[in-house]
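Have a look at the structure below before the remarks.
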Amino acid sequence: YFDVAGKKPSFNFTANIDKFNLASAGLFTKGELSDLSGYIDGNLHLSGTMDNPEITGKLHFKESGFTLDYLNTQYKIHDENIVFNTKNIAFDNFTISDSANNKAIVNGYIYTGYFSKYTFDLKVKTDHFLALNSLETKNALYYGKLLVTSQTNIRGDISAPIVEANAHLEKGTFMTVILPRDEPSIEARKGVVFFKDINRPPEKIMFKRKRTDTIVENGFKGMELTSNIEVDKDARLKIIIDPDAGDYLDVKGSGTLSMGMKTDGTITLTGRYEILEGSYQLTFYDFVKRRFTIQQGGSITWLGSPTNAELDLSAMYETRAAPLPILEQEVNTTNQNLYRQQLRFQVLLKMTGSLLKPAINMDITLNDLDKGAFNGAVIERLTEMEQDKSEMNKQVFALLVLNQLIDENPFANQGSIASDIAFSSVSELVDQQLNALSSKFLKKGQLNFDVRSYDDYSSGTAIRATDFKATLQEQFLDERLNVNLGSEINVDGTDNIHPQASTAQALSDISIEYLITKDGRYRVLVFRDNTYDGFIEGQLVETGAG
């Protein structure tokens with residue numbers, strides 16, 4: 001309706017929507033939503049003026065779907081309605097499903113004054129919902145898979161939404177966080193640069209438009225977020241401490257964290273994360289990588305920001321080496337070969353202080369099964385070395401880089417060292433290839449390989465030996481029955497591990513564990529372990545239950 005007296009035009013009509021195809025709508029630009037599918041049905045009644053419109057009716061989503069590009073997550077909406085009233089948009093159990101059919105349910109209202117200003121009163125409930133499924137990209141500070149069970153309230157208006165959330169990160173979560181080298185900041189900017197193609201044909205007058213150098217502000221002031229996050233003990237967290245060298249923490253643990261965001265984009269993070277298991281990869285000179293097994297009981301404590309965290313953890317790297325270099329002064333030349341027999345040395349690492357620049361202290365000990373070797377002479381020498389930090393650090397470096405101890409003049413035996421490094425490098429290469437193949441073809445369970453070559457001096461003379469170890473881990477009965485099978489077989493040289501190796505001994509290590517309660521607090525375990533014990537210098541078979 002038009003008023004000839006100059007009043008504003010008004011309208012009053014009904015729009016009936018029948019199978020509006022989302023895929024061909026072109027509603028969103030690249031980088032927002034993609035893979036739109038499905039249809040919208042419904043009817044809307046529009047009345048009033050352009051300044052004061054009133055809309056009532058509903059939109060019905062049928063077999064709809066989309067991908068949220070920023071999170072790389074695919075979602076489905078099936079048979080859901082959005083209801084338009086005069087002053088609000090209503091959501092009544094509006095359900096969004098992820099690719100595994102887990103639900104996010106939205107209830108509440110978006111209040112609006114003539115569809116020009118919007119305020120929120122929404123509640124969102126999720127259950128094991130896939131909130132993030134992003135891949136590693138250049139300059140990304142985080143990526144991975146995030147499964148969330150949560151209760152979220154959304155208030156505020158469209159210029160400054162307020163989000164309050166209580167969330168639980170579920171099993172299956174595997175997030176990677178990259179610590180930035182420098183504190184991130186917002187770049188200053190002024191004006192807009194326009195580029196003109198002088199070879200482009202002149203625009204027709206009907207398409208001409210006036211260009212200005214002004215920037216239109218959308219009025220968005222920023223989002224305010226407060227959240228309490230509980231981390232499930234089976235959720236994995238990988239923190240890349242040095243992206244260039246490749247040093248990282250890969251841990252499982254539990255804890256409660258408080259994360260917030262201010263309207264200026266500043267993120268806060270406080271809380272304590274207790275480490276239950278995991279590993280720390282340490283890199284030397286960009287080519288030697290050693291993985292330490294983290295001991296239970298460590299923690300990461302955030303003190304205000306994602307990069308301001310305190311570490312307190314202990315880890316261990318175990319390798320086999322001959323004790324002769326540190327006992328050479330005390331051993332007769334006639335029985336030196338006996339001390340060339342390899343024992344299981346453990347490099348102990350203690351990390352404390354800032355996550356970005358931790359203080360690292362290292363020590364050396366023996367595996368419990370080898371502490372009695374040579375009547376305790378080796379462990380006694382290691383205890384003496386604790387008083388000489390220079391000597392201890394030298395041997396730590398040797399074990400980590402060369403996988404062997406060194407004497408006072410390490411270059412006097414450079415031929416032997418070169419040979420040991422070559423065999424060690426080949427063994428690690430075979431390990432990597434076998435484990436890569438197993439992860440590619442084994443869809444269920446976990447199969448790991450370990451190949452180790454060394455000089456065996458148990459007979460008094462050097463015999464090159466190669467041991468092959470394989471372990472298979474599998475879970476049954478909804479992951480409550482855990483079965484671990486392992487074997488270690490000598491394929492070259494003297495077999496100290498299985499002196500009478502046979503087909504019947506192929507599965508030398510077996511453990512079966514059943515979770516009596518679903519949370520794993522009560523469980524039963526039976527096991528059989530077959531190892532070579534340096535204390536008794538013979539085979540040790542342990543069987544038991546707990």
Side-chain angles (χ1 to χ4, degrees), residues 28-35 66-75 98-100 102 128-148 167 169-187 229 231-232 234-253 257 259 261 265 267 269 273 275 277-292 294 300 302 305-309 311 355-358 428-429 431-443 446 448:
F28 298 94
T29 61
K30 185 178 181 181
E32 296 176 349
L33 295 180
S34 61
D35 300 329
F66 62 92
T67 297
L68 193 58
D69 293 337
Y70 181 71
L71 303 178
N72 192 35
T73 47
Q74 295 180 335
Y75 298 123
D98 63 14
S99 56
N102 296 311
H128 289 76
F129 193 70
L130 182 61
L132 177 68
N133 191 30
S134 62
L135 302 175
E136 181 180 5
T137 58
K138 186 177 180 181
N139 298 324
L141 292 180
Y142 60 88
Y143 56 89
K145 188 176 182 180
L146 189 63
L147 292 171
V148 180
L169 301 188
E170 299 290 352
K171 179 180 179 180
T173 294
F174 184 16
M175 283 292 298
T176 298
V177 179
I178 301 175
L179 297 182
R181 290 299 185 87
D182 301 312
E183 194 70 25
S185 60
I186 299 177
E187 299 245 352
I229 304 171
V231 184
D232 189 270
D234 289 315
R236 286 180 63 189
L237 175 64
K238 187 175 182 180
I239 302 176
I240 299 180
I241 299 175
D242 189 336
D244 296 330
D247 291 4
Y248 64 81
L249 282 168
D250 187 352
V251 296
K252 286 184 179 181
L257 306 176
M259 187 177 73
M261 177 187 291
I267 298 176
L269 184 62
Y273 180 79
I275 298 174
E277 60 177 279
S279 62
Y280 172 64
Q281 179 167 288
L282 188 64
T283 306
F284 295 93
Y285 306 111
D286 296 330
F287 72 93
V288 178
K289 299 181 184 295
R290 296 292 180 244
R291 180 171 294 186
F292 287 76
I294 296 177
I300 307 174
W302 277 272
S305 79
T307 57
N308 183 18
L311 276 177
L355 179 64
L356 292 176
K357 294 182 179 179
E428 290 185 10
L429 179 61
D431 287 349
Q432 294 171 3
Q433 295 302 315
L434 288 174
N435 288 317
L437 285 172
S438 69
S439 62
K440 181 178 180 180
F441 294 107
L442 192 65
K443 301 305 180 184
Q446 185 175 353
N448 295 313

Got a second to check how far [X]'s [atom1] is from [Y]'s [atom2], nearest 0.5 Å?
| X | Y | atom1 | atom2 | value |
| --- | --- | --- | --- | --- |
| Thr173 | Leu130 | OG1 | CG | 9.0 Å |
| Ile178 | Ile240 | CD1 | CD1 | 4.5 Å |
| Ile275 | Ile300 | CD1 | CD1 | 4.5 Å |
| Ile267 | Ser305 | CD1 | OG | 9.5 Å |
| Ser134 | Met175 | OG | CE | 6.5 Å |

side-chain hydrogen bond (donor to acceptor under 3.5 Å, both in side chains) with [X]: which residues, sequence neighbours excluded?
| X | result |
| --- | --- |
| Thr176 | none |
| Tyr248 | Gln281, Arg291 |
| Asp250 | Arg236 |

Q | Partners meeting ring-ring contact (aromatic ring centres under 6.0 Å, His included) with Tyr280 (sequence neighbours left out) | A |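 Residues passing ring-ring contact (aromatic ring centres under 6.0 Å, His included) with Tyr280: none at all.
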Q.
Going by the rule ring-ring contact (aromatic ring centres under 6.0 Å, His included), which residues pair with Tyr273 if we only count those two or more places apart in sequence or in a different chain?
A.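 Scan of Tyr273 (ring-ring contact (aromatic ring centres under 6.0 Å, His included), adjacent residues dropped) gives none.
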Q: Run through Asp35, Asn133, Asn72 and flag the one making a side-chain hydrogen bond (donor to acceptor under 3.5 Å, both in side chains) with Thr67.
A: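 One option only clears the test, and that one is Asp35.
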Q | Counterpart residues, salt bridge (Lys or Arg N to Asp or Glu O under 4.0 Å), relative to Asp232 (two or more places apart) | A |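 If we apply the salt bridge (Lys or Arg N to Asp or Glu O under 4.0 Å) test to Asp232, skipping adjacent residues, there are no hits.
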Q: Would you check if the side chain of Thr73 reaches a backbone N or O of Leu132 as a donor-acceptor pair within less than 3.5 Å?
A: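 Answer holds: no.
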Q: Go through Ile241 and Leu249 one step at a time and tell me if the side-chain contact (heavy atoms from CB on, under 4.5 Å) criterion holds.
A: CA-CA 7 Å; Ile241 299 175; Leu249 282 168; 4.2 Å; yes
Q. Is there side-chain contact between Trp302 and Asn308, with heavy atoms separated by less than 4.5 Å?
A.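 No, their side chains stay 4.5 Å or more apart.
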Q. Would a 4.5 Å heavy-atom cut-off, applied to side chains only, mark Leu237 and Val177 as touching?
A.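 Sidechains of Val177 and Leu237: in contact.
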Heavy-atom pair of closest approach, residues [X] and [Y]:
| X | Y | answer |
| --- | --- | --- |
| Tyr143 | Leu135 | CB-O, 3.7 Å |
| Leu311 | Pro358 | CD1-CB, 4.2 Å |
| Lys252 | Asp234 | CE-O, 3.9 Å |
| Glu170 | Val148 | CG-C, 4.5 Å |

Q. Asp247 and Thr283: side-chain hydrogen bond (donor to acceptor under 3.5 Å, both in side chains), yes or no, with the steps?
A. CA-CA 6 Å; Asp247 291 4; Thr283 306; 2.9 Å; yes
Q. Please walk me through it: do Tyr75 and Asp98 pass side-chain contact (heavy atoms from CB on, under 4.5 Å)?
A. CA-CA 5 Å; Tyr75 298 123; Asp98 63 14; 4.0 Å; yes
